Amino acid sequence: MPSQDKDSYLVGLIGSGIGPSLSPALHEREGDRQGLRYLYRLLDIDALGVRPEAVGDLLRTARDLGFDGLNITHPCKQHVIRHLDAVAPQAEALGAVNTVVFEEGGRAVGHNTDVTGFAASFARGLPDVPLERVVQLGAGGAGAAVAHATLTLGAEQITVVDALPERAAALADSLNRHFGDGRAAAATPDRLAELLARADGLGGLVHATPTGMAAHPGLPLPAGLLNPGLWIAEVVYRPLETELLRTARELGCATLDGGGMAVFQAVDAFRLFTGLEPDSAAMLDDFAELAGAVGARK
């Protein structure tokens, strides 16, 4: 655990296309409230001209430069694991890390706050929706986290759909080992119409791919596959209203944007970095203000 006697922290974020991220402002504002000198820096692999596999080099450089920890986002959440000294049990079960803490002596320990972040956001934003049949689009690092969170929240069954069939199958197998046989299945995108029709009135769609992000605009599936009997939960938060959410709301679907997950995972990451208890309500207010300011500029 970090020492609570520290009053200065240097942390950062490794990922692709992260220039628009609100994480720096969220963390630094909470650091100010806690009376800390808290600096949060972006390490964008696109700007640096390196591939996701270079995350190990960036990790070692950050540690040598005195960083206290790092957040990890797409597409590095799985690549980073092999470069860590230890991985928390939940992150190990997921096979994805989104938070790395540098302990005394430079030991790098991986955690995953996406799970708890998504669970807290879903419980707050879609508290009474049916969870009999859930379809999830995306089986990457974020997908593993939100699938675990969705089953933890009480979903009876989740079907994971991914353009890479072997990745969807691996996630479904992992979920069944963790939650019990029959709780998860894998499918290819050509089955989305059938799966969403079966979930109508009984569940919804969790979207966990990068499509819809500022750097990857568009819809992750044909709009005609959506219907008002589905709820839609989004992981993307920049922009806060993705094309998927806008289309779903126009149809009358209950929706959850990615903002809550972004805040609650940041709450848990701040706690891991500092050992201090963050003010989650204030961080939610910060996010609303920051996201609103971004929308106004557009």
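On a predicted model such as this, the values are computed, not experimentally measured, just so you know. The residues of the chain are indexed from 1 along the displayed sequence.
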Sorted by chain and residue number, the ring-ring contact (aromatic ring centres under 6.0 Å, His included) partners of Phe67 (sequence neighbours excluded) come out as none
Nearest non-hydrogen partners of Gln78 and Gly140, listed with the distance: NE2-C, 3.9 Å
Report yes if some heavy atom in the side chain of His148 is under 4.5 Å from a heavy atom in the side chain of Gln90; otherwise report no. no
Is the centre of the Phe273 ring less than 6.0 Å from the centre of the Tyr38 ring? no
Using a 3.5 Å distance criterion without hydrogens, assess whether the side chain of Glu28 forms a donor-acceptor pair with backbone atoms of Ala25. no
Going from CG on Leu219 to NE2 on His207, what distance comes out if it is rounded to the nearest 0.5 angstrom? 9.0 Å
Does one hydrophobic cluster hold both Leu137 and Leu225, with members joined at side-chain heavy-atom distances below 4.5 Å? yes
Could you grab the distance from atom CG of Asp64 to atom CG of Leu59, nearest 0.5 Å is fine? 9.5 Å
Expected output: side-chain Tyr237 to main-chain Leu22 donor-acceptor under 3.5 Å: yes
Measure from the side-chain N and O atoms of Asn176 to the backbone N and O of Ala184, and report whether any donor-acceptor pair falls under 3.5 Å. yes
Between Arg271 and Asp268, does any side-chain N to carboxylate O distance fall below 4.0 Å? yes
Ionic contact status for Glu156 with Arg133, cut-off 4.0 Å: no
Could you tell me if the side chain of Leu221 sits less than 4.5 Å from the side chain of Leu196, heavy atoms only? yes
Between Glu243 and Gly218, the two heavy atoms sitting closest are OE1-CA, 3.4 Å
If we ignore hydrogens and angles and just use 3.5 Å, is the side chain of Asp85 paired with the main-chain N or O of Val109 as donor and acceptor? no
Between Gln136 (side chain) and Ala208 (backbone), is there a donor-acceptor pair under 3.5 Å? no
Leu230/Ile232 under side-chain contact (heavy atoms from CB on, under 4.5 Å): CA gap, chis, key distance, verdict: CA-CA 6 Å; Leu230 296 167; Ile232 310 295; 4.3 Å; yes
Pair Glu103 + Arg63, salt bridge at N-O below 4.0 Å: no
Test your reading of the model: is there a side-chain donor-acceptor pair from Asp68 to the backbone of Leu10, 3.5 Å cut-off? yes
Is Trp231 reaching over with its side chain to a backbone N or O of Pro130, donor-acceptor style, under 3.5 angstrom? yes
When you compare the side chain of Asp173 with that of Arg177, does any pair of heavy atoms fall below 4.5 Å? yes
Ignoring hydrogens, what is the shortest heavy-atom contact between Asp57 and Arg60? Give both atom names and the distance. OD1-NH2, 2.7 Å
Would you mind reporting whether Met261 and Val146 have side-chain heavy atoms less than 4.5 Å apart? yes
Taking every heavy atom of Ala168 against every heavy atom of Asp162, the minimum-distance pair comes out as CB-CB, 3.8 Å
So, do Val97 and Asn112 sit near enough that their side-chain heavy atoms are less than 4.5 Å apart? no
For the atom pair CG (Leu94) and NE2 (His178), what is the distance rounded to the nearest 0.5 Å? 8.0 Å
With distance as the sole test, does Asp44 use its side chain to make a donor-acceptor pair with the main-chain N or O of Ile18 at under 3.5 Å? yes
Exam field: side chain Ser174 to backbone Ala170, donor-acceptor pair closer than 3.5 Å: no
Within the 4.5 Å heavy-atom criterion, are Val263 and Val267 side-chain neighbours or not? yes
For the backbone of Glu277 and the side chain of Gln34, can you confirm whether one donor and one acceptor N or O come within less than 3.5 Å of each other? yes
Honestly curious: do Phe118 and Leu131 fall in one hydrophobic cluster under the side-chain, below-4.5 Å linking rule? yes
Let me see the working for Arg29 and Asp32 under salt bridge (charged side-chain N to carboxylate O under 4.0 Å, His left out), right down to the final yes or no. CA-CA 5 Å; Arg29 285 186 177 202; Asp32 288 344; over 6 Å; no
Starting from Ile158, can I reach Leu126 by hopping between I/L/V/M/F/W/Y residues whose side chains sit under 4.5 Å apart? yes
If you look at every heavy atom in Ser16 and Asp46, which pair is closest and at what distance? OG-OD2, 2.8 Å
